[in-house]
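Residue numbers count from 1 along this sequence. In this text the structure is predicted, and so the values were computed from the model without any measurement.
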Amino acid sequence: MTAARFRVGVDIGGTFTDIVLLGDDGRVHTKKVSSSVDDYARAIVEGLRELFGETRLDGALADEVIHGTTVASNAILELRGARTGLITTRGFRDVLELRRLRMPRLYDLTWEKPPALVERYLRVEVAERINARGEILTPLDDADVERALDRLLAEGIEALAVCLINSYANPIHEARIKAIVERRAPHLPLCISSEVLPEIKEYERTSTTVINAYVMPVVQRYLATLRTGLAEIGVGAPLLIMQSNGGLMTADAASRMPMHIIESGPAAGVVGSQAVARRVGLDKVITFDMGGTTAKASIVEDGEINRASEYQVGGGIMHGSRLLTGAGYLLRVPAVDLAEVGAGGGSICWIDAGGALQVGPRSAGASPGPLCYDLGGTEPTITDANVILGYINPAHLVGGALKLNAARSHEVFEQRVARPLGLSLMDAAYGAHLIAASNMIRAIKSVSSERGRDPREYTLFAFGGNGPLFAGGMARQLEMRRIVVPPAPGLFSSFGLLYGDVEHHYVRTYRRRTLQLDLAELNETWRRMEAEASAQLAEEGFTGAAVRLKRQADLSYQGQSFELTVPMPTGTLDRSSIGVIEEAFGREHERTYGHRAGPDEPVELVTLRLVAQGIPEHSRIPDRVQLPVALAGGGSRDVYFGPEHGRLATPILRRADLATPRVGPCIVEEYDATCVIPPDARAQLDDYGNIVIEVTP
């Protein structure tokens, strides 16, 4: 009998590293291990080694390893990227520090913008100038470039970014600088903006190119270490990395363009949600992913993920008005449109100077973790509050692998939170639970009501180690009527990695008024972009029907500073096609902002975007998956559901017990997560093993 082959999904979180093995026979094996913050690859390799031993699987039978990683984002957050130099056009040395002059918090005179990733003395100018039409006004002097390069090399730079004004319109000068650098410093990691982001907007292009160079050596070292570790345990399968946009890319491509994997981990859960939503026939879904350090929300409409054309990293939580930006480092690359708050199981509960209870954004993380982990933690967390309330098994987590010290949670929470607030222990813990929930509701509103969507029309798709625990109460406050909790919710981001397809995004600035478009020129531009995309996919083994190309365009009313992205027709475009695009933009403008301009208002086409996907010939996901044997359910414990209900004796169930519909309160305990079904809610399994919870307002 031939041994079953399998695919591996690995997702690094702030607290845990999640591993999923999916066999071609539908069998699923899972492992949850503490993240090794000093070397993330170590936890992956050791976790896989343990899982292979437990399942007696051979690493040589792995077809591919798909990975969601936080290595690139951590390098930026911790300012531990490469010592990077920047060569730019004379007069544009300070673009990185001038930024867009936006403030993330109104009226906060104490706020300071983050330091530039390239210090000023490492930003060097060269004399050259190309205008917006691509015409050379001042030729580039090679000797000037060599002097600039020698100066930076003498300063010990570890990577180099090149961003010249208007190089998106004509890259000839950047190409010459690249040739000089490759001749004089062939081993220096180099990024030029005309290859990284051939798009208008000088700050966005400079920032994106610098970030790509800044994290490149870090990502290259990490991926090399991970490959070596995988080889040591017999895994020689291709390594694919989840991109911020929800597609996959090869490890080699990620080493060249690491800017695409900055928000790698959070995207995977949304991709998995999209796949499950399509399978069960849900066309409007809000995803809610709560782990150990953060909670994230996104939206899936009509089977499609919402993507942002840019985002910021290192600016703290990402929610609220899109106008309140500027806190972090800007990346002008497509990414799953996420709102994020610093609320997770490890979020610390503390009392501010005014005597008010606060939750997060600081987290106890994986080490030392919550008090109940008994690993040296000294500050109470949301997980401790949930243990006190009875939501979490007071004895253990992760199927018994993580023993809990509930007494320590009670003792320190009483001392640090309840007594100073003059509250009972239960009311203090419940207050912390509600504050965490309200923080996360802000994230959900920022992707729904603040974008012109009514959350009451959507299904809440809850996953992550803590998502199913909070979902019931949050849905009730938002007046959402349905919650879906997928199988293995705590490892769902890892599982979501396995649903991804290879994907590449291409962008070209094409600024024209729609009434003045040269259709022949526009069609030729699309032809060149599609030829480039098809060639890239062909190199990766995707041709013919396995190639899927989707056109998009950024449009605005003339004079606006911001654009909206809408789908664009395929094939040869004619004048009627332009009318379709204008109408699509008008509808999206009205849905997003509540109004649209009249038919005489000029519309401007700003950017062309192409999404190129490589679709496998056969689905890599079996119709049915076989999860590990569930934990033994049974029994009950007292659970506190707030002053309205008080403490209730609550049945403890296995997921399979919901084959028969149940009315809450009840709690489903699983290896990787706990699902709380609140009083009066109705829960049952659907045909795919999802828990479907109907919530009454």
Side-chain angles (χ1 to χ4, degrees), residues 5-12 18-22 24 44 62-73 212 215 219-220 222-223 226-227 230 235-276 278 287 298 300 303-305 307 331 333-338 491-506 532-543 545-550 609-621:
R5 302 192 65 85
F6 59 90
R7 301 166 66 234
V8 182
V10 182
D11 178 56
I12 297 176
D18 300 335
I19 302 172
V20 171
L21 307 186
L22 176 60
D24 55 15
I44 296 172
D63 283 329
E64 57 189 6
V65 178
I66 306 175
H67 183 24
T69 176
T70 58
V71 168
S73 59
N212 198 63
V215 301
V219 170
Q220 289 175 346
Y222 169 72
L223 292 177
L226 178 57
R227 278 179 169 140
L230 292 173
V235 178
L239 177 61
L240 298 174
I241 311 297
M242 174 63 73
Q243 300 179 63
S244 308
N245 57 49
L248 302 176
M249 69 192 312
T250 64
D252 288 341
S255 295
R256 295 191 303 272
M257 293 290 183
M259 64 181 187
H260 288 299
I261 68 168
I262 303 294
E263 289 292 329
S264 169
V270 182
V271 172
S273 303
Q274 175 194 36
V276 174
R278 284 173 174 170
T287 70
S298 189
V300 179
E304 295 298 326
I305 294 171
R307 290 186 173 93
L331 272 162
V333 296
V336 173
D337 198 359
L338 287 164
L491 297 117
F492 188 71
S493 286
S494 259
F495 207 84
L497 292 165
L498 304 176
Y499 286 93
D501 294 314
V502 170
E503 193 165 293
H504 300 286
H505 289 240
Y506 300 85
E532 180 184 354
S534 297
Q536 175 68 43
L537 288 174
E539 287 182 14
E540 297 170 355
F542 298 97
T543 58
V547 174
R548 182 180 299 163
L549 303 177
K550 292 191 291 188
R609 300 184 181 277
L610 182 67
V611 181
Q613 295 175 314
I615 311 298
E617 184 178 352
H618 303 290
S619 173
R620 295 173 294 182
I621 304 297

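In this structure, the separation between CD on Gln243 and CD on Glu503 is 6.5 Å, given to the nearest 0.5 Å. The distance from atom CG of Leu240 to atom CG of Asp501, rounded to the nearest 0.5 Å, is 11.0 Å. Rounded to the nearest 0.5 Å, atoms CG (Leu21) and CZ (Arg7) are 11.5 Å apart. Residue Ile12 holds its CD1 atom at 4.0 Å from NE2 of His67, rounded to the nearest 0.5 Å. Note that the CD1 atom of Ile261 and the CG atom of Leu248 stand 12.0 Å from one another [nearest 0.5 Å]. Annotation: the span from His260 atom NE2 to Ile241 atom CD1 amounts to 13.5 Å, rounded to 0.5 Å.
Of all heavy-atom pairs between Ala237 and Ala62, the closest is CB-O, 3.2 Å. Residues Gly246 and Val336 share a closest heavy-atom pair of N-CG2, 4.0 Å. Contact between Gly272 and Tyr499 at its shortest, heavy atoms only, is CA-CD1, 4.0 Å. The two atoms that bring Val215 and Ala72 nearest to each other are CG1-O, 3.8 Å, heavy atoms only. Taking both residues in full, the closest heavy atoms of Met242 and Gly247 are given as SD-O, 3.4 Å, listed atom of the first, atom of the second, then distance. Minimum interatomic distance between Ala268 and Ser493 (heavy atoms only, all atoms of both residues): CB-O, 3.2 Å.
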| message | Let's go through Val611 and Arg609 carefully: what are the C-alpha distance in whole Å and the side-chain angles of both, what is the deciding distance for side-chain contact (heavy atoms from CB on, under 4.5 Å) to 0.1 Å, and is it a yes or a no? | response | CA-CA 7 Å; Val611 181; Arg609 300 184 181 277; 5.8 Å; no

| message | Please determine whether side-chain contact (heavy atoms from CB on, under 4.5 Å) holds for the pair Val10 and Ile66, giving the CA-CA distance in whole Å, both sets of side-chain angles, and the decisive distance to 0.1 Å. | response | CA-CA 6 Å; Val10 182; Ile66 306 175; over 6 Å; no

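Using a 4.0 Å cut-off between charged nitrogen and carboxylate oxygen, Arg278 and Glu304 count as a salt-bridge pair.
Considering only heavy atoms from C-beta on, Val270 comes within 4.5 Å of Leu338 through its side chain. Looking at Val8 and Val20, their side chains never come closer than 4.5 Å, going by heavy atoms from C-beta outward. You'll find the side chain of Pro238 stays beyond 4.5 Å of the side chain of Val65, heavy atoms only. Contact check for Arg227 versus Leu239: side-chain heavy atoms found under the 4.5 Å cut-off. Residues Pro258 and Val71 are not in side-chain contact: their nearest non-hydrogen atoms beyond the backbone lie 4.5 Å or more apart. Contact annotation: the side chain of Val502 approaches that of Leu537 to within less than 4.5 Å [non-hydrogen atoms, C-beta and beyond]. When side chains are defined from C-beta on, Phe542 does not count as touching Ile615, because their heavy atoms never get closer than 4.5 Å.
Take Asp18 and apply the side-chain hydrogen bond (donor to acceptor under 3.5 Å, both in side chains) test, not counting sequence neighbours, and it matches Lys32.
Gln536 and Glu532 form no side-chain donor-acceptor contact under 3.5 Å, judged by distance and modelled atom types alone. Between the side chains of Glu540 and His504, at least one donor-acceptor pair of N or O atoms lies under 3.5 Å.
Under a 3.5 Å cut-off, the side chain of Ser298 and the backbone N or O of Asp337 do form a donor-acceptor pair. Arg307 places a side-chain N or O within donor-acceptor distance of the main-chain N or O of Asn245, the cut-off being under 3.5 Å. No donor-acceptor pair under 3.5 Å is formed between the side chain of Ser73 and the backbone N or O of Glu263. Listed for the Ser244 side chain is no donor-acceptor partner under 3.5 Å among the backbone atoms of Ala335.
By the 30° and 60° cut-offs, the orientation of the rings of Phe495 relative to Phe492 is parallel.
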